[in-house]
Amino acid sequence: MIDAKFGTGAALRLLFLSVVCRGVSSGLTLATNDTPAVRDGAVADFVLHAGRIWTGDAARPWAESIAARDGVIVRIGDRAAVDELRTARTRVLDLPGSFATPGLIDAHGHLTGLGETLEQIDLRDATSIEEVVRRVTERATDLAAGEWVLGQSWDQSLWLGKELPTHEPLSRALPDRPVFLRRVDGHAVWVNEAALRVAGVTADTKDPPGGKILRDGAGKPTGVLLDAAVDYFNKHLPLTSRDGLRRQFLAAQKLCLESGLTGVHDAGQSARERDVLRELDGSGELKLRVYGMASPPAGREVEFVSKPPPAAKPADRYVLRAIKMFIDGAMGSRGAALFEDYSDDPGNRGLILTEPELLERITEAALKNGWQVCTHAIGDRGNRLALDAYESALKKVAVSERAVRDPRLRIEHAQLLALDDIPRFAPLGVIASMQPTHATTDMRWAADRIGAERCKGAYAWRRFLDAKARLAFGSDFPVEHVNPLLGLYSSVTRQDLDGTSGVFMPDQRIMLDEALTAFTAGSAYASFDETQLGVLRPGTQCDVTVVDRELSQNSARQIARARVLATVIAGEVVHRKD
Ligand SMILES: [Zn+2]
């Protein structure tokens, strides 16, 4: 068992390791006849050999191998140097010809939403209304009488005519049972007459603030409702049980790990979701690093951030210190707040979901108590209002009054900006948390919605980088696919996967290392973790994503085609492709 080459030194190392592994810190005297590294305690319990590693560390960007102990990198460099720290007990992952990067972190996803897609009807690839109706009817045959049919991810831009649907085809197919189908962006629902009846939504129902009931010429609801109007259904929808949430989190975690993600910023968590995540972390079932953005209870947002966030321990995989707010809706359903009318909907300038004065008050309280504010802002007006609210709160709460000197306020999506607002991010220290695949999905209709001129400030990563803004990249899964490699591909190409829709604003493409940085160090910075995550160097966490081929700027197609071979979190292989 003991490697003859190392002799008794190895035996002592084994003893040392087994002691360390049991977590005992007795006054064990270490062997002195060993390498200096071992005398310093730097033996490895995990070693990764990859073909090539992009470390994200400007001082030493490339390596072959990594050695870690207790989840932390102790050496990174060439294979021989790392093998010096290997013992018979070291777990070794040898993946010749592979390519590794710091663990990819999705800075904006929805974990239970992703878990839900596996349980509800997934309409992502439905190319017609008839197809949707067929799948909904089919699902209904498996359900008890009166039970809701739930589905998601329909997208009218894939259908002939690209018009928003109406309740009629659903009502004809299922007159007695409520049907509730979320649009792919999560900002609109399509329901049938039975669902409108259950929720009591009629021609007399008013549009709530920040929401809209789409209506026909006679004022009757068409069956599509936007943003805050969706809340009319909330208390009637079946509540996911605690077990259901557990199941959804674990299913989502599996997909994330298989996709090479080592961390996710979960954008909008209910109190029940936070409880379940804490439980999963406590029991060791949570492997993925989850940075939570709480959804504060409506009307009690200021109160929610008026006490400090829960204290986190270094080993916690679930950390909560952010809140998620919404200033506006989304562009696909024309709820994003614009300065001028939608190009394809005269008279419509979108919706404001949170009054800017309230956002400012929430931000002030958050600054004083140590919460990070992450505000969804999509339209140019939405982004301006969010930046104004942040700027004014930052002015009012002096650094000496802040719980955190550098509060790293975030704008989620930062999708469409007036060009002169982009340079405001860097001096305010506001992070642009963006999703590259939104650009290459929305490119099909973005110019219809906002026209060519406004597209200059749409999904404008290059402009943000040129203005020295910090980027954190993600996918907004399940709105987009969870696979971060698709985001890297979109970042460098601004093309969809088959390349048939051309290149969307080609001057906004960025380099692969810039995109990788946004998906690693950028996301880590956005969760205050940049000393631990997002870069591979001695002292940082051993979180690594390993794929089956070199990722390169010059063969962008290969980025999208790459397969994840292994995902490593804190020196533990949490996913391995068979
Ligand atoms: Zn989102």
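What you see below is based on every heavy atom in this structure, not just the backbone, and it leaves out hydrogens, waters and symmetry mates. Residue numbers count from 1 along this sequence.
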- Going by atom types only, do His110 and Asp266 share a side-chain donor-acceptor pair under 3.5 Å? no
- Query: Is the NZ or CZ atom of Arg549 both under 6.0 Å from the centre of the six-membered ring of Phe99 and within 45° of that ring's axis?
  - Reply: no
- CG of Asp328 to OG1 of Thr375: how many Å apart, nearest 0.5 Å? 10.5 Å
- Note on the structure: Those residues at least two apart in sequence (or on a different chain) that pass ring pair (Phe, Tyr, Trp, His ring centres under 6.0 Å) with Tyr390 are none
- Message: Show, in sequence, the C-alpha distance, side-chain angles and deciding distance for Thr112 and Glu273, and conclude whether the side-chain hydrogen bond (donor to acceptor under 3.5 Å, both in side chains) test is met.
- Response: CA-CA 8 Å; Thr112 51; Glu273 289 177 325; 2.5 Å; yes
- Does Leu338 offer a backbone N or O that forms a donor-acceptor pair with the side chain of Arg381 under 3.5 Å? yes
- Item | Heavy-atom check, side chain of Thr493 versus side chain of Ile559, under 4.5 Å | no
- Query: Donor-acceptor pair, Arg402 side chain versus Arg405 backbone, under 3.5 Å?
  - Reply: yes
- Message: If only side-chain N and O atoms count, and only distance matters, is there a donor-acceptor pair under 3.5 Å linking Glu480 with Thr441?
- Response: yes
- May I ask you to decide whether Asp316 forms a salt bridge with Lys313, counting only side-chain N to carboxylate O separations under 4.0 Å? yes
- Item | Side chains of Ile362 and Phe304 in contact at under 4.5 Å (non-hydrogen atoms) | no
- Assess Lys468 against Phe464: is NZ or CZ under 6.0 Å from the centre of the six-membered ring, and within 45 degrees of the ring's axis? no
- Query: If only atom types and distance count, is the side chain of Arg408 paired as donor or acceptor with the main-chain N or O of Tyr525 below 3.5 Å?
  - Reply: yes
- Stacked cation flag Arg349 on Phe339, 6.0 angstrom / 45 deg: no
- Which is it for Arg183 and Gln156 under the side-chain hydrogen bond (donor to acceptor under 3.5 Å, both in side chains) test, yes or no, and what are the steps along the way? CA-CA 9 Å; Arg183 193 181 182 279; Gln156 84 282 4; 3.0 Å; yes
- Less than 4.0 Å between a side-chain N and a carboxylate O, is that true for Glu258 and Lys254? yes
- Is there a donor-acceptor pair under 3.5 Å between the side chain of Asn369 and the backbone N or O of Val305? yes
- Modelled atom types, side-chain donor and acceptor of Tyr459 and Asp442, under 3.5 Å: yes
- Task: Over 60° means perpendicular and under 30° means parallel, so classify the ring planes of His413 and His376, tilted if in between.
- Result: perpendicular
Identify all side-chain donor-acceptor contacts of residues 508-515 below 3.5 Å with residues at least two apart in sequence or on another chain.
unit_1 : atom_1 : unit_2 : atom_2 : d
Gln508 : OE1    : Arg462 : N      : 3.1
Gln508 : OE1    : Arg463 : N      : 2.9
Arg509 : NE     : Pro506 : O      : 3.3
Glu514 : OE1    : Arg462 : NH1    : 2.9
Glu514 : OE1    : Met511 : N      : 2.8
Glu514 : OE2    : Arg462 : NH1    : 3.4
Glu514 : OE2    : Arg462 : NH2    : 3.1

- Any Lys/Arg nitrogen of Arg334 or Asp344 sitting under 4.0 Å from an Asp/Glu carboxylate oxygen of the other? yes
- Query: When you measure from the side chain of Gln435 to the backbone N and O of Ser433, does any donor-acceptor pair fall under 3.5 Å?
  - Reply: yes
- Task: Given side-chain hydrogen bond (donor to acceptor under 3.5 Å, both in side chains), test His49 with Glu64 step by step and report yes or no.
- Result: CA-CA 6 Å; His49 294 307; Glu64 290 175 340; over 6 Å; no
- Task: Output, in order, the C-alpha distance, side-chain angles, deciding distance and verdict of side-chain contact (heavy atoms from CB on, under 4.5 Å) for Arg274 and Leu277.
- Result: CA-CA 5 Å; Arg274 303 195 292 270; Leu277 265 184; 5.8 Å; no
- Message: Can a donor-acceptor pair be found, under 3.5 Å and without considering hydrogens, that links the side chain of Asp57 to the backbone of Arg537?
- Response: no
- Message: Let me confirm one number: the CG-CD1 distance from Asp466 to Ile422, rounded to the nearest 0.5 Å.
- Response: 9.5 Å
- Query: Within 45° of the ring axis of Trp62 and under 6.0 Å from its six-membered ring centre, is that where the NZ or CZ of Arg52 lies?
  - Reply: yes
- Between Leu353 and Phe326 the two heavy atoms that sit nearest each other are CB-O, 3.7 Å
- Message: Test side-chain contact (heavy atoms from CB on, under 4.5 Å) on Ile66 and Cys542; report intermediate values, then the result.
- Response: CA-CA 8 Å; Ile66 301 172; Cys542 184; 4.1 Å; yes
- Applying side chain to side chain contact (heavy atoms under 4.5 Å, CB included), name anything that partners Thr262, two or more places apart in sequence or on another chain. Ile105, Asp543, Thr545, Thr567, Ile569
- Donor-acceptor pair, side chain of Arg410 and main chain of Ala472, under 3.5 angstrom: no
- Query: Can you tell me if Tyr489 uses its side chain to pair, donor with acceptor, with the backbone of Thr437 under 3.5 Å?
  - Reply: no
- Message: Could you check whether any side-chain heavy atom of Val404 comes within less than 4.5 Å of a side-chain heavy atom of Arg321, counting everything from C-beta outward?
- Response: yes
- When you check the gap from the basic side-chain N to the acidic O, do Arg317 and Asp281 get nearer than 4.0 Å? no
- Query: Do you see a donor-acceptor pair shorter than 3.5 Å between the side chains of Ser392 and Glu360?
  - Reply: yes
- Query: Please walk me through it: do Asp548 and Val564 pass side-chain contact (heavy atoms from CB on, under 4.5 Å)?
  - Reply: CA-CA 6 Å; Asp548 64 351; Val564 174; over 6 Å; no
- In Å, rounded to the nearest 0.5 Å, how long is the span from CG of Leu488 to CG of Leu104? 6.5 Å
- Task: Measure the shortest side-chain to side-chain distance between Thr500 and Asp496 over non-hydrogen atoms and say whether it is less than 4.5 angstrom.
- Result: yes
- Message: Nearest 0.5 Å, please: how far is CG in Leu387 from CG in Leu385?
- Response: 9.0 Å
- Query: If we ignore angles and hydrogens, is there a donor and acceptor under 3.5 Å between the side chains of Gln269 and Tyr318?
  - Reply: yes
- Note on the structure: With Glu391 as partner, the option from Arg384, Lys396, Arg424 fulfilling salt bridge (Lys or Arg N to Asp or Glu O under 4.0 Å) is Arg424
- Assign the ring pair Phe473 / Trp461 to parallel, tilted or perpendicular, where the plane angle (0 to 90°) is split at 30° and 60°. perpendicular
- Query: In Å and rounded to the nearest 0.5 Å, what is the CG to CZ distance from Asp341 to Arg449?
  - Reply: 14.0 Å
- Message: Looking at Ala63, is its backbone amide N or carbonyl O close enough to the side chain of Thr55 to form a donor-acceptor pair, meaning the two atoms are under 3.5 Å apart?
- Response: no
- Taking only Lys NZ, Arg NE, NH1 and NH2, and the carboxylate oxygens of Asp or Glu, determine whether Lys324 and Glu412 approach each other closer than 4.0 Å. no
- Query: For Val373 and Ala366, which heavy atoms make the closest approach, and how far apart are they?
  - Reply: CG2-CB, 3.5 Å
- Query: Strictly by modelled atom types, are Ser475 and Asp106 linked by a side-chain donor-acceptor pair under 3.5 Å?
  - Reply: yes
- Message: Under the criterion side-chain hydrogen bond (donor to acceptor under 3.5 Å, both in side chains), I'd like the reasoning laid out for Arg289 against Ser527: C-alpha separation, chi angles, the key distance, then a yes or no.
- Response: CA-CA 11 Å; Arg289 297 185 194 276; Ser527 63; over 6 Å; no
- Task: Pick out which of Val574, Leu257, Leu280 makes a side-chain contact (heavy atoms from CB on, under 4.5 Å) with Leu288.
- Result: Leu257
- Item | Backbone of Leu497 reached by a side-chain donor or acceptor of Arg557 within 3.5 Å | yes
- Message: For Thr540 and Gln532, which I'm curious about, is there any donor-acceptor pair between the side chains at under 3.5 Å?
- Response: no
